[in-house]
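Report on one structure; see the data block that follows.
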Amino acid sequence: MQKEQVDMNTPTQMGVRRFGRVNWLGTWTLVRREISRFMNVWSQTVMAPLINAGLFLMIFTIAIGPQRGDVMGVPFMTFLAPGILTMTVIQNAFANTSSSLASAKVQGNIVDTLMPPLAAGELVAGYIGGAVARGGLVAIVIAVGAALFLGVGLQHPVWVVVFVFLGSVLMGGLGMIAGIFANKFDQLSAIANFLITPLAFLSGTFYSIEALPPVLQAMSHANPFFYIIDGVRFGMIGVSDSSPWLGLGVVGLACIVVLGICLRWMHTGYRLKS
């Protein structure tokens, strides 16, 4: 009778994890929530990036015209397309996680994310999954547009997928760090405007770093954003400023560092729990 009483009470014990090593259902639910969150406003998250990318390409075509020579042996507009695609992916992956966490903190419903039985790694995986989904969707839309209107295909599709994925992971992690650190939308906007956007624009989006002075070239090589853009450019048009293998190592290391910080902050509840 005593053994039967213990067995009946075991499932109701508080604080006992009953999902195995990984709460797959909870993690997938968080990913679905993040995807639903940006798909509910698809005109802003999918169509707006496509329109912005098209405007960039149109403005450069009108402003520079056919007199602009080839860059790294390819027409300038062909060279520009991968940079525009990657810059858009970077901005959207960062915006997805940063806005989600910042909104939850400002609105006071961050507890709805922290209360479910999800470990720090599962929370990070859920948020990063949403960022990768948004970054990948934006990349597909812009890549289709570039193929239809510019004739830019994929020379090395695997490299494109790898760098879009790693870029989304890195920027999703940076977005988590920004969203956790910021207590107001003004602080989040400052991080995006004074850190993320300059690093994206100054990492070879619109030019080859071979045109830069040696000092600025060295600074560009220390910027992980440069390797993301350069890797996608190699995958799309087959030319790059550096080896894609070097870029893979640098971006992979940056992802490990950023995700490590995210895991630590989620585990300790830094700036999330009172």
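Counting begins at 1 with the first residue of the sequence.
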* To do: Sequence neighbours left out, what pairs pass side-chain hydrogen bond (donor to acceptor under 3.5 Å, both in side chains) with at least one residue falling in residues 257-268?
  => none
* With sequence neighbours excluded, give me every side-chain hydrogen bond (donor to acceptor under 3.5 Å, both in side chains) pair touching residues 183-205. => Lys105-Asn183
Could you work out, with side-chain contact (heavy atoms from CB on, under 4.5 Å) as the rule, every residue matching [X], not counting sequence neighbours?
{"X": "Ala133", "value": "Ile35, Phe38"}
{"X": "Phe165", "value": "Val132, Val169"}
{"X": "Met58", "value": "Leu55, Ile62"}

N/O donor to acceptor pairs below 3.5 angstrom from side-chain atoms of residues 135-161, sequence neighbours left out:
none

* Asked: So do the side chains of Pro49 and Asn92 get within less than 4.5 Å of each other, counting heavy atoms only?
  -> yes
* side chain to side chain contact (heavy atoms under 4.5 Å, CB included) evaluation trace for Leu248 with Trp245 -> CA-CA 5 Å; Leu248 181 64; Trp245 291 103; 3.9 Å; yes
Backbone N or O of [Y] within a donor-acceptor pair of the [X] side chain at under 3.5 Å?
{"X": "Arg233", "Y": "Phe79", "answer": "yes"}
{"X": "Tyr227", "Y": "His221", "answer": "yes"}
{"X": "Asn23", "Y": "Gly26", "answer": "yes"}
{"X": "Arg271", "Y": "Phe181", "answer": "yes"}

* Each residue besides Met115 in its hydrophobic cluster should be listed here, by chain and number; the cluster joins Ile, Leu, Val, Met, Phe, Trp and Tyr at side-chain heavy-atom distances under 4.5 Å. => Val111
* Transitive ILVMFWY cluster of Val41, excluding itself - 4.5 Å side-chain cut-off -> none
* **Qualifying ring pair (Phe, Tyr, Trp, His ring centres under 6.0 Å) pairs, either residue in residues 182-210, two or more places apart** => Phe56-Phe206, Phe60-Phe206, Phe201-Phe206
* Structure fact -> Sorted by chain and residue number, the side-chain hydrogen bond (donor to acceptor under 3.5 Å, both in side chains) partners of Ser242 (sequence neighbours excluded) come out as Asp230
* **For Asn223, all residues meeting side-chain hydrogen bond (donor to acceptor under 3.5 Å, both in side chains), sequence neighbours excluded** => none
Would you mind writing out the side-chain donor-acceptor pairs for residues 94-101 within the sub-3.5 Å range, not counting sequence neighbours?
from	atom 1	to	atom 2	distance (Å)
Asn96	OD1	Arg134	NH1	3.3
Thr97	OG1	Gly172	O	2.8
Thr97	OG1	Met176	N	3.4
Ser98	OG	Phe94	O	2.7
Ser98	OG	Ala95	O	3.4
Ser99	OG	Arg37	NH2	3.3
Ser99	OG	Ala95	O	2.5
Ser99	OG	Asn96	O	3.4
Ser100	OG	Glu34	OE1	3.2
Ser100	OG	Glu34	OE2	3.0

* Please lay out, stage by stage, how Phe234 and Val239 fare under the test side chain to side chain contact (heavy atoms under 4.5 Å, CB included). => CA-CA 5 Å; Phe234 175 79; Val239 298; over 6 Å; no
* Val106, Tyr127: one ILVMFWY side-chain cluster at the under-4.5 Å cut-off? -> no
